[in-house]
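The structure appears right after this line, and notes come after that.
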Amino acid sequence: MNILILGSGGREHAIAWHMQSSKHLSKLYIAPGNAGTASIGTNVEISPTDFPKLKKFALENNINMIVVGPEVPLVEGVYDFFKNDDSTKHIAVIGPSKEGAQLEGSKDFAKDFMNRHNIPTAQHKTITPNNIDEGYQFLESLKPPYVLKADGLAAGKGVLILDNIVDAKAMLNEMLGGMFGSAGNRVVIEEFLNGIECSVFVLTDGKSYKILPVAKDYKRIGENDSGLNTGGMGAVSPVVFADADFMTKVEERIVIPTVNGIIKENIEYKGFIFIGLIKVDEEPKVIEYNVRMGDPETEVVMPLIKSDLVDLFEGVATGTLDTKTLEIDNRFATTVMMVSGGYPGDYVSGKTISGLNNIEGSIVFHAGTKLDGEQVVTAGGRVLAITSYGQTMDEALSKSYRNINNIKFDNSYYRKDIGFDLKK
Ligand code: AMP
Ligand code: GLY
């Protein structure tokens with residue numbers, strides 16, 4: 001099978017890395033990819049949202065399957081683009097339809113979906129410039145802090161948590177006034193949930209599902225979860241508090257109703273559902289849905305999947321996922337992200353990375369890297385994810401940290417406390 005992966009981060013490198021051992025893989029292409037994916041397959045200079053160019057490439061290169069990494073092409077309808085064209089409808093696209101992608105593309109759609117299917121989540125109200133007074137009233141009915149979310153995609157920046165009502169009302173106005181562009185044309189106000197978060201990944205063919213290893217990511221730039229939000233500074237899997245009792249609740253109250261909701265509403269969905277969960281007094285509630293894998297969670301989830309990934313994806317594409325087995329490694333996997341100094345603010349790219357051949361007992365997934373001739377250089381805020389296995393989380397983490405010491409680039413930074421809140 002010839003496969004094209006869309007995206008250029010650590011997530012896509014981890015997917016490519018897993019696929020290289022598949023007995024079903026012939027040729028692997030990544031658009032646009034990075035220096036890491038270039039060592040596994042062929043990088044192709046096409047943007048994941050340039051659908052006409054992707055079509056031309058897919059036809060010329062006999063692509064049988066497209067695996068979509070990031071959310072933007074899904075929300076823009078890449079699935080439908082290929083399925084609705086007679087010349088490309090034979091190509092399997094791993095990802096939801098445009099309608100299904102609304103679970104991530106519109107927080108209002110996602111909240112209504114959860115309410116329709118009795119899926120536990122924070123109380124909410126959706127506000128537009130026409131009912132802003134209802135927004136003030138709803139805020140007054142809540143206890144602080146206050147959660148405001150831009151309805152549309154805002155590159156992970158569209159959520160504000162405010163401590164007092166004066167600021168909350170002011171920010172509601174700002175958001176509706178265009179602070180996040182059109183993503184904030186509607187704002188979802190939510191009750192604040194207090195608990196510990198984890199990420200549950202589900203693979204579905206739109207009929208049946210498999211639950212992948214649960215992961216926890218560390219979004220803040222600073223130690224002890226302080227400072228600005230990032231795309232994710234590290235991850236661990238499995239997550240000790242997501243034990244069997246908790247996961248039974250997650251499956252019965254969240255995963256099954258979500259998949260059944262997709263079926264009942266006739267939504268075409270052949271891909272990943274990423275459920276951002278919070279555990280509040282032992283009870284799971286949904287913080288958000290994403291319609292793709294997480295990054296850096298993929299860099300710990302993929303290494304724990306022992307089954308042939310392409311075979312699982314074939315099950316997704318053909319609606320036979322229930323006939324496939326998902327085998328999971330019983331070790332821990334951890335990943336620590338090395339980032340460019342300054343990230344998530346301004347940073348300088350093009351820095352030479354050394355030590356990549358000096359790695360023992362870890363897997364280095366490339367996120368923001370590119371090749372400059374033969375040399376690997378930095379090309380983004382998040383640069384490398386250093387993943388390791390261990391019989392314990394600590395053993396895995398110590399391997400990642402040991403190998404990080406061997407990798408050098410100017411002004412690099414990483415968090416030294418990944419997993420800190422799971423060690424108590
Ligand atoms: P989201 O983009 O919806 O994942 O939100 C980003 C982050 O904001 C989440 O990972 C949570 O840490 C936090 N958050 C979102 N919604 C809530 C909520 N209702 N209560 C508490 N924290 C929240
Ligand atoms: N790591 C969180 C995300 O991918 O959205």
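Start at 1 and go down the list; that is how both ligands and their atoms are numbered. Source: prediction; values computed, not measured.
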Is ligand 2 less than 4.0 angstrom away from at least one heavy atom of Ala235? no

In ligand 2, the atoms that come under 4.0 Å of a heavy atom of Gly294 are 4 (O)

Ligand 2 contacted by Gly232 (non-hydrogen, < 4.0 Å): no

Quick one: which of Glu190, Lys219, Glu197, Arg220 has a heavy atom closest to atom 19 (N) of ligand 1? Glu190

Check this for me: does any side-chain nitrogen of one of Lys210 and Asp205 sit under 4.0 Å from a carboxylate oxygen of the other? no

What atoms of ligand 1 come within less than 4.0 Å of a heavy atom belonging to Lys149? 3 (O), 15 (C), 16 (N)

Report yes if Ile161 has an N/O atom closer than 3.5 Å to an N/O atom of ligand 1; otherwise report no. no

Pairwise distance CG(Asn34) to OG1(Thr369) - rounded to 0.5 angstrom: 4.0 Å

Numbered atoms of ligand 2 (with element) below 4.0 Å of Phe274, judged on heavy atoms: 3 (C), 4 (O), 5 (O)

Can Lys216 be said to sit on top of Tyr218's aromatic six-ring, NZ or CZ under 6.0 Å from centre and within 45° of the ring axis? yes

Any non-hydrogen atom of Glu191 lying under 4.0 Å from ligand 1? yes

Is the terminal nitrogen or CZ of Lys279 (NZ for Lys, CZ for Arg) located under 6.0 angstrom from the six-membered ring centre of Phe241 and within 45° of that ring's axis? no

For ligand 2, find out whether one of its N or O atoms is nearer than 3.5 Å to an N or O atom of Glu297. yes

Which of the numbered atoms in ligand 2 are under 4.0 angstrom from any heavy atom belonging to Asp217? 1 (N), 2 (C)

Looking at Lys107, which atoms of ligand 1 are within less than 4.0 Å of one of its heavy atoms? 1 (P), 2 (O), 3 (O)

Within 45° cone and under 6.0 Å: Lys399 NZ/CZ vs Tyr401 ring: no

Quick one: do Arg116 and Glu265 make a salt bridge, cutoff under 4.0 Å? yes

Got more than 12 heavy atoms from elsewhere within 6.0 Å of CG, Asp346? no

Result for side-chain contact (heavy atoms from CB on, under 4.5 Å) between Ile386 and one of Asn406, Val364, Ile363, Thr334 points to Val364

Looking at non-hydrogen atoms alone, which of Leu193, Leu277, Ile287 comes nearest to atom 20 (N) of ligand 1? Leu193

Does the N or O separation between Arg292 and ligand 2 drop below 3.5 Å for any pair? yes

